[in-house]
Amino acid sequence: MNICTKNSPLGDLGVESKNSSLTNNHLQKQKVPLGGFRGLVPCLELRETPCFLCETLCYLKNNSKKSIFKMKQYTNVKDLGNLQQAVREALEMKQNRFAYKHLGENKTLLMVFFNSSLRTRLSTQKAGMNLGMNTIVLDINQGAWKLETERGVIMDGEKPEHILEAIPVMGAYCDVIGVRAFAQFEDKAYDYNETIINQFIEYSGKPVFSMEAATGHPLQAFADLITIEEYKKQERPKVVLTWAPHPRALPQAVPNSFADFMNEADVDFVITHPEGYELADEFVRGAKVEYDQMKAFEDADFIYAKNWAAYQNPNYGKILSTDRNWTVSARQMAVTNDAHFMHCLPVRRNMIVTDDVIESPQSIVIPQAANREISAQWVIKKMISL
Ligand code: AN0
Ligand code: CP
């Protein structure tokens, strides 16, 4: 439904706003006089899709949940709905990130970490606070009972609690749950079926979003796309995802989600990696794969570096190369179109990227990390809206 049109009726809704500052901002923005007006009005902008407030109006007017997009889970790009609209709304929200503080009143965000984090922990908590939510962080490996995740196991070992009780209990204490549960590289099917986060989705009774699960890191990829939108100079920039060496076996979650998003975005997307590092078809989706890194970098506008362990059988989870010719340095950056350098962080300097490249003016790793607050806030907002 598109109610943000010039023909939308003014003031016929008779709805009182719960948040006067939001109403006033909105009305002032649209230059609608406040005097004598009973409720909210459509914003009158010509848009393909309704703005946030008009979505709310739409809901109130029709009293139908069908008319508003409430997100129940966020694990991949498709869960965002219209991607262009999501990026546009996220950029709008970045300009006024406290405008929705009333939405989270008396609501609780629970963040559950099975693995370490710096950015995800801080940015997601900040996003919840921007929305006026209470936030609780649970580190499963620090003070919580160790959780058994396999069903049917005779629990006579180290783990005193089963995840199938723990999840609904966690759900009872909150309104939205974020979960970080990396691939374990023990069983490819267990990882690629997203066994842990899917159990949260099934048994918590609450909306669940990924804070990096086994196969994807969609909050990161959404922040990456927002950042590319902010820094692009071309309408359709060339974006290169490059593998780079690392001493540990790292998950495919970040490159998978980045590919997932880039395949949906209006960019010329190329993936480069040594042979044997091919990602799953469901994420590559026919994107160009170039095995010659220098060739891939030619005329690139964005270089996105990341290590990942092998996906393909029989090497799932293995390190096949630590070749430092693949470390992103001035040598490769020289053939790009003065490309911006991106990495999700944490990054190992002089393995993934040289000091001079990550410290160069073309490096945008810090604004990229800062946009994690924005991607998280957009997603959580969708989960708590009405
Ligand atoms: C993790 C990974 O590669 O998936 C998290 C990145 C956001 N990185 C490390 O474990 C170093
Ligand atoms: N990029 C990212 O997710 O960082 P953390 O692992 O520190 O959360």
Side-chain angles (χ1 to χ4, degrees), residues 73-77 79 110-125 137-150 158-159 163 166-167 170 177-202 204 208-224 241 243-261 277 279-280 282-283 304-313 315-320 343-348 351-352 369 372 375-376 379:
Q73 65 181 65
Y74 180 56
T75 61
N76 63 51
V77 68
D79 294 331
L110 171 63
M111 299 191 282
V112 181
F113 287 92
F114 288 85
N115 313 93
S116 306
S117 166
L118 185 153
R119 278 142 291 274
T120 304
R121 174 184 301 257
L122 297 180
S123 63
T124 311
Q125 185 159 4
V137 180
L138 180 67
D139 286 297
I140 295 291
N141 296 323
Q142 284 171 15
W145 301 113
K146 276 197 170 54
L147 296 179
E148 177 57 62
T149 54
E150 297 281 351
E158 287 300 295
K159 296 173 177 167
I163 198 166
I167 289 174
M170 291 186 229
I177 308 183
V179 179
R180 167 161 284 200
F182 289 178
Q184 295 169 18
F185 286 153
E186 282 165 15
D187 178 342
K188 187 174 182 177
Y190 185 87
D191 290 343
Y192 270 71
N193 287 334
E194 286 289 11
T195 311
I196 294 195
I197 196 163
N198 280 338
Q199 287 180 326
F200 275 86
I201 290 167
E202 196 166 347
S204 70
V208 172
F209 62 94
S210 165
M211 300 196 299
E212 185 173 338
T215 68
H217 194 357
L219 284 180
Q220 180 65 51
F222 188 19
D224 298 336
L241 167 64
W243 179 93
H246 194 282
R248 298 266 167 83
L250 297 187
Q252 296 96 24
V254 170
N256 283 346
S257 281
F258 189 68
D260 211 18
F261 273 67
Y277 278 99
L279 295 164
E282 66 191 272
F283 299 105
Y304 193 102
K306 183 71 185 82
N307 172 267
W308 62 91
Y311 164 76
Q312 302 292 343
N313 293 337
N315 294 319
Y316 179 67
K318 292 202 177 125
I319 297 174
L320 306 180
H343 188 280
C344 63
L345 307 180
V347 68
R348 290 196 184 224
M351 286 297 296
I352 301 281
R372 289 291 308 278
S375 62
V379 168

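Residue numbers count from 1 along this sequence. A quick note: this is a predicted structure, and the numbers were derived from the prediction, not measured.
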Item to complete: For S375 and R372, indicate whether the former's side chain and the latter's backbone hold a donor-acceptor pair under 3.5 Å.
Response: yes

Discussion item. Under 3.5 Å, is there a donor on one side chain and an acceptor on the other for Y192 and N256?
Written reply: yes

Worksheet item: side-chain contact (heavy atoms from CB on, under 4.5 Å) between L147 and K159: does it pass, once the steps are laid out?
Response: CA-CA 6 Å; L147 296 179; K159 296 173 177 167; over 6 Å; no

Discussion item. Between K306 and D224, does any side-chain N to carboxylate O distance fall below 4.0 Å?
Written reply: no

Item to complete: For Y74 and P218, indicate whether the former's side chain and the latter's backbone hold a donor-acceptor pair under 3.5 Å.
Response: yes

Worksheet item: If every non-hydrogen atom of N307 is compared with every non-hydrogen atom of R248, which pair is closest and at what distance?
Response: OD1-O, 3.8 Å

Response to the item:
The reported gap from OG1 in T149 to CD in Q199 (rounded to nearest 0.5 angstrom) is 7.0 Å

Discussion item. For a side-chain contact (heavy atoms from CB on, under 4.5 Å) check, start with the C-alpha distance between S257 and F222, then their side-chain angles and the critical distance, and finish with the verdict.
Written reply: CA-CA 9 Å; S257 281; F222 188 19; over 6 Å; no

Practice prompt. May I ask you to decide if E186's main-chain N or O and Q184's side chain share a donor-acceptor pair within less than 3.5 Å?
Written response: no

Worksheet item: How many angstroms lie between atom CZ of F200 and atom CD1 of I177, to the nearest 0.5 angstrom?
Response: 6.5 Å

Fill in: Polar side-chain atom of K188 near backbone of G317 as donor-acceptor pair, under 3.5 Å
no

Worksheet, complete the sentence: One should read off an interatomic distance between T124 OG1 and M111 CE, to the nearest 0.5 angstrom, of 6.0 Å

Item to complete: Go through E148 and I163 one step at a time and tell me if the side-chain contact (heavy atoms from CB on, under 4.5 Å) criterion holds.
Response: CA-CA 6 Å; E148 177 57 62; I163 198 166; over 6 Å; no

Item to complete: Not counting sequence neighbours, which residues clear ring pair (Phe, Tyr, Trp, His ring centres under 6.0 Å) with F283? List them please.
Response: none

Fill in: Short side-chain to backbone donor-acceptor contact, Y277 and L320, under 3.5 Å
yes

Worksheet item: In Å, rounded to the nearest 0.5 Å, how long is the span from CZ of F114 to CE of M211?
Response: 10.0 Å

Worksheet item: Is there a side-chain contact between P247 and M351, using heavy atoms and a 4.5 Å cut-off?
Response: yes

Response to the item:
Value for CG (L138) from CG (N141), rounded to nearest 0.5 Å, stands at 9.5 Å

Worksheet entry | Taking every non-hydrogen atom, the tightest pair across E194 and G216 | OE2-N, 3.7 Å

Worksheet item: Counting N and O atoms only, with roles assigned by atom type, does the side chain of N315 sit under 3.5 Å from a partner on the main chain of K318, one being a donor and the other an acceptor?
Response: no

Worksheet entry | Side-chain donor/acceptor of S210 to backbone N/O of T75, under 3.5 Å | no

Item to complete: Mark yes or no for whether W243, through its side chain, and W308, through its backbone, hold a donor-acceptor pair below 3.5 Å.
Response: yes

Item to complete: Please assess F209 against I197 for the test side-chain contact (heavy atoms from CB on, under 4.5 Å), listing each intermediate value before the final yes or no.
Response: CA-CA 8 Å; F209 62 94; I197 196 163; over 6 Å; no

Practice prompt. Only counting residues at least two apart or in another chain, list the ones meeting ring pair (Phe, Tyr, Trp, His ring centres under 6.0 Å) with F185.
Written response: Y316

Discussion item. Working to the nearest 0.5 angstrom, can you tell me the gap between D191 CG and Q252 CD?
Written reply: 8.0 Å

Fill in: Qualifying residues under salt bridge (charged side-chain N to carboxylate O under 4.0 Å, His left out), relative to R180, sequence neighbours excluded
E212

Practice prompt. For residues P255 and P251, report the shortest heavy-atom separation together with the two atoms involved.
Written response: CD-O, 4.3 Å

Worksheet item: Any sub-3.5 Å donor-acceptor pair from N193's side-chain atoms to T195's backbone N or O?
Response: no

Worksheet item: Between A213 and A253, which heavy-atom pair has the shortest distance, and what is it?
Response: O-CB, 3.7 Å

Discussion item. Contact between D139 and R121 at the side-chain level, heavy atoms closer than 4.5 Å - yes or no?
Written reply: yes

